[in-house]
Amino acid sequence: SKATLFDQNSKVNITFADVAGLDEAKEEVIEVVDFLKNPKKYTALGGKIPKGVLLVGPPGTGKTLLAKAVAGEAGVPFFTMSGSDFVEMFVGVGASRVRDLFKQAREKAPCIIFIDEIDAIGRARGKGNMQGGNDERENTLNQLLVEMDGFSTDKGVILMAATNRPDVLDSALLRPGRFDRQIGIDNPDLKGREAIFKVHLKTIKIDPNTVDAFTLAEMTPGFAGADIANICNEAALIAARRNQDSVTLDDFNYALDKVIGGLEKKNKLIH
Ligand code: ATP
């Protein structure tokens, strides 16, 4: 049924407390929370609330998490779809899915629409990519532009999107009145990783005598938030397999070997 086309969460229980680090990005999106909660405060003075916020950064750095947290903080529904879902569809379906997505969102406003991997739809037109299917993608992109122009944010729909390839996006998407706000999200530094470990260590039963967030952060240069979440989970599984009653530093060392091995394999496949 239509209701299940998009992953729609009317009760988002993620808040900014779940998003570690990313202090500057959080400061910028706090404004979006306020737009959603108090639109009249802005429109009363004649200001136009931005329609689209683009989160730019490498995979696994918490872009989806941050967008969800905006919905959670504002207490509004969260509609999400991945750009690649639109494009892999049969001819003619992409554009109508975009229409449906916006229609459902308007009915539930105020709300957030989040499009992950927007570059899959939003590549510059006429610059063919891979094996055909371009007309379909262009139709989908055109529909997205039409929908963005057709809604006014007074109605309380704010579009958020994520990409790690802002360079390939069609410039039409970045024009004023569309995705005119960009927020950069980088891989975390040492302090950021420590903060992310703190969030994820809370959900597992650690041995406090051997495990602490700072040490783990020092052991994981170059890791993204998603890698850190993964390490914590692997370490907990290893400890359980060993019939321990808490997760020790040794379990983390094993988990690290396993995850780093996985990352190396993935890189080899890419090169
Ligand atoms: P992609 O672009 O690959 O979709 P993303 O940037 O949207 O990645 P998320 O899907 O938000 O990344 O992150 C995946 C998971 O990694 C999150 O659900 C969370 O568990 C963890 N994570 C990532 N970044 C953070 C962070 N800053 N704080 C806490 N957890 C994080």
Side-chain angles (χ1 to χ4, degrees), residues 6-7 9 12-30 32-33 52-73 78-88 112-123 159-169 179 181-204 206 213-214 216-217 220-237 247 252 255-256 259-260 262-263 266-267 269-270:
F6 318 105
D7 178 10
N9 260 312
V12 181
N13 49 19
I14 290 177
T15 67
F16 287 145
D18 300 304
V19 187
L22 308 186
D23 293 336
E24 283 170 35
K26 267 193 227 169
E27 236 164 71
E28 296 204 45
V29 294
I30 281 173
V32 179
V33 174
V53 176
L54 186 64
L55 306 176
V56 176
T61 44
K63 299 184 290 299
T64 306
L65 193 65
L66 184 66
K68 259 191 199 153
V70 170
E73 293 281 343
F78 184 75
F79 289 84
T80 173
M81 199 157 171
S82 168
S84 53
D85 294 342
F86 285 104
V87 174
E88 281 161 19
I112 297 246
I113 298 177
F114 177 69
I115 302 179
D116 201 2
E117 295 176 57
I118 193 165
D119 44 283
I121 315 175
R123 271 170 195 272
L159 194 55
M160 296 183 79
T163 183
N164 54 2
R165 294 297 312 274
D167 52 308
V168 302
L169 290 182
F179 287 101
R181 301 248 167 145
Q182 290 196 26
I183 299 178
I185 296 189
D186 276 328
N187 272 324
D189 59 8
L190 180 65
K191 250 186 81 201
R193 293 196 304 278
E194 183 186 14
I196 298 171
F197 267 114
K198 279 195 175 140
V199 164
H200 290 279
L201 289 181
K202 269 192 214 139
T203 63
I204 62 178
I206 56 164
F214 184 75
L216 293 171
T220 49
F223 276 46
D227 305 323
I228 290 174
N230 189 15
I231 288 277
C232 292
N233 190 55
E234 285 294 336
L237 294 178
V247 189
F252 275 95
L256 262 173
V259 170
I260 290 174
L263 289 175
K266 205 164 72 187
N267 289 339
L269 289 177
I270 290 167

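Order of listing sets the numbers, starting from 1, for every ligand and every atom in it. The figures that follow rest on heavy atoms only: side chains count, while hydrogens, waters and symmetry mates do not.
Of the possible polar contacts, one joining the Lys63 side chain to the Gly57 backbone as a donor-acceptor pair under 3.5 Å is found. Side chain of Arg181 to main chain of Val53: no donor-acceptor pair is present (N/O by atom type, distance under 3.5 Å, no hydrogens or angles). Of the possible polar contacts, one joining the Glu73 side chain to the Phe16 backbone as a donor-acceptor pair under 3.5 Å is found. Asp227 places a side-chain N or O within donor-acceptor distance of the main-chain N or O of Ala224, the cut-off being under 3.5 Å.
The atoms of ligand 1 that sit less than 4.0 Å from any heavy atom of Asp116 are 4 (O). Close approach to Lys63 involves these atoms of ligand 1, each under 4.0 Å from a residue heavy atom: 2 (O), 5 (P), 6 (O), 7 (O), 11 (O), 12 (O). Against a heavy-atom cut-off of under 4.0 Å, Ala20 is close to the following atoms of ligand 1: 26 (C), 27 (N), 28 (N), 29 (C).
Taking the six-membered ring where tryptophan is involved, the planes of Phe114 and Phe78 are essentially parallel, since the angle between them stays under 30° and well short of 60°.
By the criterion of a heavy-atom distance under 4.0 Å, both the backbone and the side chain of Pro59 are placed next to ligand 1. Neither the backbone nor the side chain of Glu117 comes within 4.0 Å of ligand 1, counting heavy atoms alone.
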**OP:** Give the C-alpha distance, both sets of side-chain angles, the deciding distance and a yes or no for side-chain contact (heavy atoms from CB on, under 4.5 Å) between Phe179 and Val56.
**Re:** CA-CA 11 Å; Phe179 287 101; Val56 176; over 6 Å; no
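Here the heavy atom of the protein found nearest to atom 8 (O) of ligand 1 is Gly60 N, 2.8 Å. If you check which protein heavy atom lies closest to atom 20 (O) of ligand 1, you get His200 CE1, 3.2 Å. With hydrogens left out, the protein atom closest to atom 22 (N) of ligand 1 is Gly225 C, 3.6 Å, a heavy atom. Regarding atom 7 (O) of ligand 1, its nearest protein heavy-atom neighbour is Thr64 OG1, 2.6 Å. Summary of contacts: the protein heavy atom closest to atom 14 (C) of ligand 1 is Ala226 CB, 3.8 Å.
Between Val12 and Ala71 the shortest heavy-atom distance is CG2-CB, 4.0 Å. The heavy-atom pair separating Glu28 from Gln182 by the smallest distance is OE1-O, 4.5 Å. Across all non-hydrogen atoms, the minimal contact from Ile204 to Ala236 is CG2-CB, 3.9 Å.
The shell of residues lying under 4.0 angstrom from ligand 1, judged by heavy atoms, includes Asp18.
When the heavy atoms of Asn233, Leu65, Asn164, Val19 are ranked by distance to atom 31 (C) of ligand 1, first place goes to Leu65.
Taking only nitrogen or oxygen atoms, main chain and side chain alike, Gly62 reaches within less than 3.5 Å of ligand 1. Geometrically, ligand 1 and Ala229 share no nitrogen or oxygen pair separated by less than 3.5 Å.
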